[in-house]
Number of protein chains: 4
Amino acid sequence: MANLKKTVPTLVKDPELIKKRREQMIKGAVRLFIEKGFHRTTTREIAKESGFSIGTLYEYIRSKEDVLYLVCDAIYEEVKNRLAHHLDTNSQGITRLKKAVSAYFQVIDDMQDEVLVMYQEAKSLPKEALSYVLQKEVEMTEMIEQVIRDCVSEGVIFIQDAQVKVVAHNILVQGHMWTFRRWQIQKQFSLEEYTNLQIEQLLQGINYK
Amino acid sequence: MANLKKTVPTLVKDPELIKKRREQMIKGAVRLFIEKGFHRTTTREIAKESGFSIGTLYEYIRSKEDVLYLVCDAIYEEVKNRLAHHLDTNSQGITRLKKAVSAYFQVIDDMQDEVLVMYQEAKSLPKEALSYVLQKEVEMTEMIEQVIRDCVSEGVIFIQDAQVKVVAHNILVQGHMWTFRRWQIQKQFSLEEYTNLQIEQLLQGINYK
Amino acid sequence: MANLKKTVPTLVKDPELIKKRREQMIKGAVRLFIEKGFHRTTTREIAKESGFSIGTLYEYIRSKEDVLYLVCDAIYEEVKNRLAHHLDTNSQGITRLKKAVSAYFQVIDDMQDEVLVMYQEAKSLPKEALSYVLQKEVEMTEMIEQVIRDCVSEGVIFIQDAQVKVVAHNILVQGHMWTFRRWQIQKQFSLEEYTNLQIEQLLQGINYK
Amino acid sequence: MANLKKTVPTLVKDPELIKKRREQMIKGAVRLFIEKGFHRTTTREIAKESGFSIGTLYEYIRSKEDVLYLVCDAIYEEVKNRLAHHLDTNSQGITRLKKAVSAYFQVIDDMQDEVLVMYQEAKSLPKEALSYVLQKEVEMTEMIEQVIRDCVSEGVIFIQDAQVKVVAHNILVQGHMWTFRRWQIQKQFSLEEYTNLQIEQLLQGINYK
DNA sequence: CATGAATGAGCCTTCATTCAT
DNA sequence: GATGAATGAAGGCTCATTCAT
């Protein structure tokens, strides 16, 4: 269950430089992937957008797929970090869950393009790299699950264990929805409205007889 | 808002033949796209898998993207038809909604691979073709919305209009979830369990203080 | 010990065409390999020299190494055929061996450039292809050995078995010498002189006390 | 016909250092060339195998081809030296020639890989460098020729002048044979057997009527 | 002197598309 | 209508060489 970070081999030795160059690279690649997708972006374009030559690009990666991995990894890391940061509340009771959902939706909204790219292109990752990335998804799910379980422990929510998982997945996916279906949803709702409606639905379900 | 079917130009006149060849083509292409994705599939492979030559393939389409359009269109049509077929019930009250959700999840489960392919590759469609396909998504949403509204009209559900939309989207996306997150979800739940849990959640929300 | 011909896969089906195109390709490639060696020759150059486009080249081979294999194979085949043709004599006694050596040296002289290329570049063949080619060398050796053995059977030569092998190898290699050391040898001797001297040496050795 | 040693320019002044670094370099390069050939070896690999950086490598050479020249030159020098050392006998008569051949074959056997590399890769040398190296080959031939001529002078061998040259070339090439055709010959004979058979053949030729 | 990051020309190969038969 | 050979733009990647530190 350990999830050692997969490291992409480099020809360059200086760790400082690696960090710097990869940041440039990721930034450039994300911009391009958002614009035209992974397959339609060439390595030459990535190099240029990153501010260095094609030769230099390949000093920091072995293959184009490495760029994708680096990009997906960075985006996940960013989302997770932001989320973790926002979850760090002292709220009590159901408020805690509400705030978590709000925070999560907010993070997704802030990183719409990145999230979109990641979910659309990750499938092009080589098998092993994909596993590493999917593991991150599992971790995200667990973070949300934990918030719910905390509420259960506190006695503010009464649901069976299986339902916890389903609800966690639902919340996650409702975040994705906000980006994937934005051409429909963001025309109809503001983020705040969307958040409120989803939280309401989450807590009360449909009010039926 | 018009939804005229976008037609792909052909060099061949005989409509019967067009229909036949395109069916072969779609069947072959879906198989390949499922296996290796749109970008990694070559037109030669599509022709071969379809049972005719590359030259013939290009008698029935203008570009590789046309194949993708035909495939996405066919899959949507199939999903919509199957769903429409299953919705055709005489159920009353909340049961009607429950059955709709069940039916929808069942359809998705039956067409997992196709649904997965469609949602993953549609983004590679040229702008205009993408619009046509997304329109189908809107229609699907409306079908679900209609079921909910019917319940509202019948007086078995009391929710505001905005919530109807959100719930419809949620249901749709929970269907996608069943395929997109199958590596997590299908390990944890059977389709029946998943369906029941989602319906329960949908109707009652979280049982909280 | 069977030596099935290794066939290079093609995208083209018409065997006539394959034969024709490959002949063009081999001819062009030999010319280039002679001029600048295998590694310094580009696939584009091969295509151009063969009279077709780079795309077409790759319809008839899978990799650059395939060209080298085709070239080596063709040269060996040519040398072997020519030699076999010339060996087809009715000579008796030692004359038979003399004629064989003459014929062989003549063939080598006629195909100097090709022979040179083949022996210099074959090492770049992938392992398996190299084996196929080396097998041809074995067959050549056996052809020469056979001529010697025939003389032994006829009772015109008396040498032990091991010596037969060594002599056969020597003859082969003295042929190669004529091309590999041409910058020295061909300055000093005409082919006829060289042939006579080698035959004399072969038969009598050094006349020593 | 002058045979001035071609010197490879350096950025470094200190002759001691140059000598030391080049020895490292040659040792490393030979190892790599034996393993994968000149063209498949990169300058980076050479630097690494030599124990210094790519930058340093280029302080001691101007181009990759310089490395090849240095390597070929060093190998030839080594072969020549070893041979000269072994020839330094006091033997008389035909024994002198026999010992020379034995010694030469022994040297070749000891340096198989190096000899193989040199003869296979020297062709990639730039024209001028190639001439320098070939000159070494001439010198080797002359060394052998001299041994034969000494025998002729001593009156133990009676052959015409032209034959002397041919025999010298034959001996040289029979040495190469031992490495180039090792996949055939070394399977059939030990070095001793091979040496004896070749000497026998050299002296007596084929015993024919 | 030594280092190693940067460069970019150039290589091999693929593949969507066309068109003569 | 069907076929498949031909095309060449374009892509991913390598590697000899340079030069600032």
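Throughout, a chain's letter reflects where its sequence line sits, starting with A, and its residues are numbered from 1. Values below: every heavy atom of this structure, side chains too, minus hydrogens, waters and symmetry copies.
Between D:G51 and A:G51, the residue anchored nearer the 5' end of DNA chain E, judged by the nucleotide with its closest heavy atom, is D:G51. When each of D:F52 and C:Y58 is assigned the nucleotide of DNA chain E with its nearest heavy atom, D:F52 is the one assigned upstream, toward the 5' end.
Under the rule for a side chain to side chain donor-acceptor pair (under 3.5 Å), the partners of C:R40 that lie at least two apart in sequence or sit in another chain are D:H39, D:E65. Qualifying side chain to side chain contact (heavy atoms under 4.5 Å, CB included) partners for C:T42, counting only residues two or more places apart in sequence or in other chains: C:R44, C:E45. Residues that satisfy the side chain to side chain donor-acceptor pair (under 3.5 Å) test with D:T10, not counting sequence neighbours, are D:R22. The side chain to side chain donor-acceptor pair (under 3.5 Å) search around D:Q120 returns none, not counting sequence neighbours. Legend: residues meeting side chain to side chain donor-acceptor pair (under 3.5 Å) with A:T41, ordered by chain and number and at least two apart, are absent. Every residue two or more places apart in sequence or in another chain that forms a ring-ring contact (aromatic ring centres under 6.0 Å, His included) with C:F33 is listed here: C:F38.
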(request) Under 3.5 Å for both distances, Watson-Crick or G-U wobble, that's the pair rule; now give the dot-bracket for DNA chain E, with | marking pairs to another strand and [ ] for crossing ones. (result) .||||||||||||||||||||
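Rounded to whole Å, atom P of F:dA2 lies 14 Å from atom CD1 of B:I54. Between A:K64 atom NZ and F:dG11 atom C1' there is a gap of 8 Å when expressed in whole angstrom units. For the pair A:L57 CG and F:dC15 P, the computed distance is 16 Å after rounding to whole Å.
Atom NZ of B:K20 sits in a sparse spot, with 12 or fewer heavy atoms from other residues, nucleotides or ligands closer than 6.0 Å.
Taking the side chain as every heavy atom from C-beta outward, D:V71 and D:E121 never approach each other to under 4.5 Å. Residues D:T56 and D:R21 have side chains in contact (heavy-atom distance under 4.5 Å, counting atoms from C-beta outward). By the 4.5 Å heavy-atom criterion applied to side chains, B:E78 and B:E114 are not counted as neighbours.
Listed by residue number, A:R44 are the residues of residues 27-48 of chain A with a heavy-atom contact under 4.0 Å to DNA chain E. DNA chain F is contacted by no residue of residues 9-24 of chain A, taking any non-hydrogen atom closer than 4.0 Å.
If you walk DNA chain E from 5' to 3' and mark each nucleotide with an atom closer than 4.0 Å to a heavy atom of chain A, the marks span E:dG4 to E:dG10.
Pairs passing the ring-ring contact (aromatic ring centres under 6.0 Å, His included) check and including a residue from residues 13-32 of chain B, sequence neighbours excluded, do not occur. Contacts classified as salt bridge (charged side-chain N to carboxylate O under 4.0 Å, His left out) and involving residues 9-19 of chain A (residues at least two apart or in different chains) are given here: A:K19-A:E23.
Across A:K27, A:Q24, A:R31, a single residue satisfies side chain to side chain donor-acceptor pair (under 3.5 Å) together with A:E49, and that is A:R31.
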